[in-house]
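Contents: one structure, followed by commentary.
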Amino acid sequence: MNKLPQSYYEKQDVVFLARDLIGKTIVSIIDGNRTSGIITETEAYRGYDDKACHAHLGRFTDRTKIMYETGGVAYVYLCYGIHHLFNIITNTQDNADAILIRAVEPIDGIDIMKQRRGKEKLDKTLTSGPGNFSKAFALDKSHYGADLTGDTVWIEESNKSIDPEEIIISKRIGIDYADEDKDLPWRFYLNTSKFVSKR
DNA sequence: ATAGCGATGAGCT
DNA sequence: GCTCATCGCTATA
């Protein structure tokens with residue numbers, strides 16, 4: 001239990017952090033049920049100058065306002081009217097950088113995850129894909145703005161170390177509207193895990 | 001007030 | 001590879 005401190009989230013390079021989070025452990029305790037898993041897939045979204053980011057050009061609305069807080073809080077929003085997508089806000093105040101958690105490899109609480117997902121078996125779809133991960137960990141809009149140094153949802157160092165060669169860098173998924181920024185190499189995944197949304 | 005649409009996932013071909 | 005469920009956010013009026 002080495003919970004990442006506030007200072008970790010205030011680092012300024014969101015692309016570095018998205019990669020650095022691969023292999024760390026994310027934990028939620030919701031309604032007394034503890035779930036945890038290794039982060040296997042992330043994407044970086046950089047505040048002002050990234051056309052794919054909800055805070056592009058400083059867009060400030062009821063939905064995006066939390067992104068401008070000091071790093072270390074959660075940004076959760078509803079996508080396609082169905083899926084809650086869970087993001088980590090990073091950097092110092094007013095930068096609006098975010099990291100989308102797209103997949104984890106489950107460790108603790110697999111039974112409760114299966115129950116939440118309506119699954120009989122443990123397979124890669126249990127916790128891979130941003131909507132599926134959030135549902136398995138019971139993260140939804142009630143966690144909008146949640147403090148990641150608190151005791152509901154947080155990230156820890158893992159015991160296992162990651163060889164840099166296990167991490168694949170690729171374009172982000174589902175952002176074709178972002179013109180040239182759709183090709184930025186800001187998605188990272190752990191090639192040695194089967195819990196990855198897309199290769 | 002409201003039209004348009006999305007950082008997805010499941011199921012079927 | 002294709003379709004579509006489903007609804008809150010955003011922009012525009």
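Just so we're on the same page: letters track the sequence lines, and every chain starts at 1. Keep in mind that what you see is a predicted model, and the values were worked out from it rather than measured.
- Taking atom OH of Tyr77(A) as the reference point, atom C1' of dT6(C) lies 15 Å away to the nearest angstrom.
- Under a 3.5 Å cut-off, the side chain of Ser28(A) and the backbone N or O of Val153(A) do not form any donor-acceptor pair.
- When Watson-Crick and G-U wobble pairs are counted only if both distances are under 3.5 Å, dA7(B) pairs with no nucleotide at all.
- Arg172(A) comes within 4.0 angstrom of no nucleic acid atom, judged by non-hydrogen atoms across all strands.
- Rounded to an integer number of Å, the gap from NE2 of His56(A) to C1' of dA7(B) is 15 Å.
- Taking a cutoff of 4.0 Å between a charged side-chain nitrogen and a carboxylate oxygen, Lys3(A) and Glu157(A) do not qualify as a salt bridge.
- Among the nucleotides dA5(C), dT10(C), dA7(B), the one closest to any side-chain atom of Ile82(A) is dA5(C).
- For His56(A) and Tyr45(A), the ring centers sit 6.0 Å or farther from each other.
- Among Asn91(A), Asn87(A), Thr92(A), the single residue meeting the side chain to side chain donor-acceptor pair (under 3.5 Å) criterion with Asp97(A) is Asn91(A).
- Here dA11(C) presents its P atom at 12 Å from CG of Asp62(A), a figure rounded to the nearest Å.
- Between dA7(B) and His54(A), a contact under 4.0 Å exists linking OP1 or OP2 to a side-chain N or O.
- Candidate nucleotides dG8(C), dA7(B), dT10(C) were compared by shortest atom distance to the side chain of Thr64(A), and dT10(C) ranks first.
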**Message:** What verdict does the salt bridge (charged side-chain N to carboxylate O under 4.0 Å, His left out) test give for Glu41(A) and Arg187(A), after you've listed the backbone C-alpha separation in whole Å, the side-chain angles of each residue and the deciding distance to 0.1 Å?
**Reply:** CA-CA 7 Å; Glu41(A) 183 179 348; Arg187(A) 171 173 176 249; 2.9 Å; yes
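- In terms of phosphate contacts, Arg63(A) brings a side-chain nitrogen or oxygen within less than 4.0 Å of OP1 or OP2 of dT10(C).
- Between Thr61(A) and dC9(C), a side-chain N or O to OP1/OP2 separation shorter than 4.0 Å is absent.
- The pair Asp179(A)-Lys182(A) does not count as a salt bridge, with every side-chain nitrogen at least 4.0 angstrom from each carboxylate oxygen.
- Of all the residues in residues 114-144 of chain A, Lys141(A) reach under 4.0 Å from DNA chain C with at least one non-hydrogen atom.
- Residue Arg102(A) places at least one side-chain N or O closer than 4.0 Å to OP1 or OP2 of dT8(B).
- In this structure, NE2 of His83(A) is placed 9 Å from C1' of dT6(C), rounded to the nearest angstrom.
- The 12-atom threshold is not exceeded at CG of Asn159(A), counting heavy atoms of other residues, nucleotides or ligands nearer than 6.0 Å.
- When heavy atoms are screened at a 4.0 angstrom cut-off, Leu100(A) is found touching base atoms of the nucleic acid.
- Distance, Lys51(A) NZ to dG6(B) C1': 18 Å, rounded to whole Å.
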**Candidate pair Ser128(A) and Ser197(A), rule side chain to side chain donor-acceptor pair (under 3.5 Å), full reasoning** = CA-CA 5 Å; Ser128(A) 63; Ser197(A) 66; over 6 Å; no
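- A close approach under 4.0 Å does occur between a side-chain nitrogen or oxygen of Tyr177(A) and OP1 or OP2 of dA7(B).
- In this structure, NE2 of His84(A) is placed 14 Å from P of dT6(C), rounded to the nearest angstrom.
- Taking atom CG of residue Leu57(A) and atom P of nucleotide dT10(C), one finds them 15 Å apart after rounding to whole Å.
- Whole-Å rounding puts the Arg59(A) CZ to dT12(C) P distance at 11 Å.
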